[in-house]
Amino acid sequence: MLIDLAEPQFALRLARISDAMADMPTGQNWLSPSEQTRLQAMRHSGRREEFLLGRWLLRTLFARSFGGDPATWPFAEQPQRPPVSVRHSPFGYVSISHGGGFVAAAAAVSPIGVDVESATRRLPAEVFEPLFGRSGMTDLERLQHWVVTEAFLKQQILPAHTDTIRRNALQPAPVNRARVRVQLTDDYIFAIAGAPDVLSAASFAAWPGYGPVGSGQS
Ligand SMILES: CC(C)(COP(=O)(O)OP(=O)(O)OC[C@H]1O[C@@H](n2cnc3c(N)ncnc32)[C@H](O)[C@@H]1OP(=O)(O)O)[C@@H](O)C(=O)NCCC(=O)NCCS
C-alpha cells in the first residue's frame, strides 16, 4: 500500500494496481447486482480490472473501520457518480480513482474527492490550455493542476467540463486555507479534496495545498 490511512473522520488507500490485484478475491460473487450489470457492459480487460479493484479497495476501507469481511459491505452504482454504500455507516461519502497503474479509494463523514495519475503522464499544452484557460506551465505543473482539479470536482460531484473547470479554478494556497492537498512522487501524483478536519490530518502535513482563486498565497 502506498498510502494507507484510517482516521475517525476518513479512510484512504492508494495502491499500485499490480499489488492491489494480489489482495483481491479471484471470484466476483462479492459484487452487488448493479456492479455486476455495469461490469458486464465493460469490454476492455484493463477497465474491468480497474473497476473491480476500486470496488474491492473501497470495501476493505469499510471493513477495517467498521468491522466484518470486505465482501459484507455492498455498494450500489450511481450513473455519473461514485458508488454508494448500501449499509448505513458514519462514512456517507466515497471517492474512487484509477489511472496510470494506480488505484485509490477514500471514504469520509463529509464530501471527499481523490484523483491519481502516473507522474510520467504527459499532458500536452494543446489539451490543457483550452480546458483551463491557462498557459505558460511546465509539463509537471499542468499534470499537478489537472489532478488537483479532478479531485476538487469529484468532491463536489461536478463534471469535468470547461465551464466547471474554469468556475472552480484553483491556485496554490496556504495549508490552513487549502481545499485540496497533493502528493508528488517520482511514480504518481495524488490529490485529495476534503473538509478541513480531513486535510489537517498529520499525514498530509508536508503536502502542498491548493484552494479556490482568492484563497490567498502564503
Ligand atoms: C469521470 C470523472 C469524474 C473522473 O474521471 P477520471 O479522472 O478520468 O477517472 P478516475 O478514475 O479518476 O475517476 C473515475 C471514478 O470517479 C467516480 N465518478 C464518476 N463520476 C463522478 C462525478 N461526477 N463526481 C465524482 N466522482 C465521479 C466513479 O467512481 C469513477 O469510477 P468508476 O468509473 O470505476 O465508477 C470526470 O472528471 C471526467 O470525465 N474526467 C475526464 C478527464 C478530463 O477531461 N479532465 C479534465 C481536467 S479536470
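As the structure lists them, so they are numbered: ligands from 1, and atoms in each ligand from 1.
- W73 has its side chain out of reach of L58: every pair of non-hydrogen atoms, C-beta onward, lies at least 4.5 Å apart.
- Within the structure, every pair that satisfies the side chain to side chain donor-acceptor pair (under 3.5 Å) test and touches residues 183-194, not counting sequence neighbours, is listed here: R16-D187, Q183-Y188.
- Heavy-atom minimum distance, V94 versus P83: CG2-O, 3.0 Å.
- K154 and S95 get closest at one heavy-atom pair: CE-OG, 4.1 Å.
- Ring centroid separation for the pair F51 and H98 does not come in under the 6.0 Å cut-off.
- Remark: R13 does not engage D23 in a salt bridge, criterion side-chain N to carboxylate O under 4.0 Å.
- Annotation: ligand 1 has protein neighbours R38, R47, F51, R55, Q80, R81, P82, P83, I96, S97, H98, D115, F132, W146, T149, E150, K154, I157, L158, A160, I165, each with a heavy atom less than 4.0 angstrom from the ligand.
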